[in-house]
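Data first, discussion second: the structure below is written as structure tokens.
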Amino acid sequence: MTTVSAERLATLFVDVADTLVDDFDVVEFLQMLTRRVAGLFGTGEAGLMLADERGRLTFMAASDESARLMELFQLQYGDGPCLDAFRTAQPVTNVNLTAAAEKWPAFAPRAAQAGFESVHAFPLRLRKEVIGAMGVFGRANELDEADASIVQSLADVAVIGLLQERAIHHGEVLTSQLQGALNSRIVIEQAKGIVAQARGVSPDDAFTLIRDFARQNNYRLSQVAESIVTGLPNLPDLSGR
Amino acid sequence: MTIVDEFLARVTGLVADEPARPGDRQGVAGILRRLCSAAERALSASGAGVSVLAGGGMRGVAAVSEPAYELLEELQFSLGEGPCLDAFAGRQPVLVPDLSDGAMVRWPGYAPALHGRGVRAVFAFPLQIGSARLGALDVFRARTGSLTDDEFREALTFADIAVTTLLDGQARAAPGAAADGLDDEVVGQRAELFQAQGMVAVQLGISLVDALARLRAYAYAEDRALGDVARDVVARRVAFDSGQS
């Protein structure tokens, strides 16, 4: 890659940012990103791995099958540029594979065999944390400093996309739990009112009746409340089983 | 620090510094009440309210800066129209800087009620994250005029903090989230309303939906807060079946 034109670069970032809106799909997004990064290099491919909550790396996306294999090799044999970038939080650039057999005894010969000559890897950084790495597999030493910082910026964009997705997904799960809890709580209160009126007791005593009935019959409280509420105008018989 | 972070830090501080009042609830309900008061002050409003929608368009969780605004928040649900419901349905802020400008057509029942209570402008902000929606934050003003850019951003930030507060409460309540542990946090002062709803349904032999409508109609006609009426029903000071209760 010899430094890309500003125009092309601008288009690239706009394209990437464009996908950060509605209907965001992580895998699709990362797939697109690796293809874009690969496209910056005349003859390169890119792959990306992410850490799960326990810090274990998993393959996420690659621009083509050969890059996918390069990512999987690293994960399987435990050495390679992406693992180094992940561990050190620093980019690894312009490593000639023929001279890297000592550094990566498992990865280097396999990558060379697949026809690659040089490799680069970039950490996906979030403040002090590293959440993954992106590898670029090429044909020659071809990244200057400007190039490297462009690719690192793209890795940073990937992180923004991922964070957004994680935050929204987490929020949506909690939201649906909240709405579920809210609805079932409302149904319980309504059932208390129904039983209180029908039996001429206080809402607290009505709750005791409902709860005891649920326990004796091994129903969930919310199930009993639901059946009281949906059973109207028939009034519940909570006396036995 | 980005602009968003600055607003978040500032507004979070405003909510944290807002003094508690006697009668404030613990947990989520109390934080939301203080958030409404902080929003009222920061946005030069006359009142603010948060409503969370439950199933069937019911108002599940609620907080207001001043008790007088409880009526105005609830009235939207009685009438089925208003800025809160529009912000929720449209997933975007509803900004009405001058109520005399078209609002009477948009909310033929609600707008006159607002006007009658001295409200001249109203702004509503959806409580949402991604595609999930919870409710809305309403801001009422006694004078006409738009929010400034900064006020608009602040209002959005208040809405974000309301969402975070609700979700944090939910995250804490989540382990073994049997509905049991949640009443004070989630339903709070609304519990009596739902009990009253059940009682009135039995008193009149009608559905829960109709029972709520009767309660709302009664509160509206008597110009009383729905929560007060509900408390009277639960305490058997008010009965709808005019005979025995």
Side-chain angles (χ1 to χ4, degrees), chain A residues 20-24 160 164-207 210-211 214-215 220-226 228-236, chain B residues 28 52-56 58-61 127-135 163-164 166-171 173-174 177-183 185-188 190-208 211-212 230 233-236 239 241 244-245:
Chain A
L20 294 179
V21 289
D22 282 354
D23 302 329
F24 180 83
I160 294 171
Q164 177 169 307
E165 203 276 338
R166 281 184 188 180
I168 287 177
H169 179 71
H170 182 62
E172 283 175 352
V173 168
L174 284 173
T175 304
S176 68
Q177 283 173 357
L178 174 70
Q179 237 124 23
L182 190 54
N183 286 332
S184 71
R185 191 68 225 180
I186 287 173
V187 168
I188 288 172
E189 298 302 335
Q190 289 168 336
K192 279 160 73 173
I194 290 169
V195 172
Q197 183 66 35
R199 294 298 188 81
V201 297
S202 73
D204 283 352
D205 291 343
F207 180 71
I210 297 169
R211 194 196 51 205
R215 281 191 188 152
R220 297 214 327 269
L221 183 59
S222 52
Q223 267 178 312
V224 177
E226 187 77 41
I228 292 171
V229 164
T230 51
L232 276 178
N234 296 322
L235 297 173
Chain B
V28 172
V52 175
L53 276 79
M58 296 223 328
R59 185 165 169 243
V61 179
L127 307 183
Q128 60 190 359
I129 179 162
S131 63
R133 296 177 289 178
L134 284 167
V163 171
T164 317
L166 285 158
L167 296 188
D168 282 354
Q170 181 56 23
D180 289 23
L182 282 171
D183 44 354
E185 287 281 329
V186 177
V187 174
R190 310 281 295 167
E192 278 159 334
L193 171 62
F194 306 125
Q195 292 167 11
Q197 197 187 351
M199 292 177 69
V200 172
V202 175
Q203 285 170 10
L204 298 178
I206 56 178
S207 72
L208 286 163
L212 183 59
V233 170
V234 170
R236 299 180 201 266
D241 53 354
Q244 82 287 3
S245 129

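Because the structure is predicted, anything quoted here is derived from the model rather than measured. Chain A is the first sequence line, chain B the second, and so forth, proteins listed ahead of strands; every chain is numbered from 1.
Nearest heavy atoms, A:Gly193 versus B:Met199: O-CG, 3.0 Å. Closest approach of A:Leu182 and B:Leu53 over heavy atoms only: CD2-O, 4.2 Å. Nearest heavy-atom pair across A:Gly200 and B:Arg236 is C-NH2, 4.1 Å.
Of the listed residues (A:Val201, A:Val173, A:Ile228, A:Val195), the one with the most heavy-atom contacts under 4.5 Å to chain B is A:Val201.
For A:Thr175, the side-chain contact (heavy atoms from CB on, under 4.5 Å) partners are A:Gln179, B:Ile129, B:Ala132, B:Leu134, B:Leu167, not counting sequence neighbours. The salt bridge (charged side-chain N to carboxylate O under 4.0 Å, His left out) search around B:Arg59 returns B:Glu70, B:Glu74, not counting sequence neighbours.
In this structure, no portion of B:Ala196 lies under 4.5 Å from any heavy atom of chain A.
In this structure, CD in A:Glu189 is found 11.0 Å from CD in B:Gln197, a value given to the nearest 0.5 Å.
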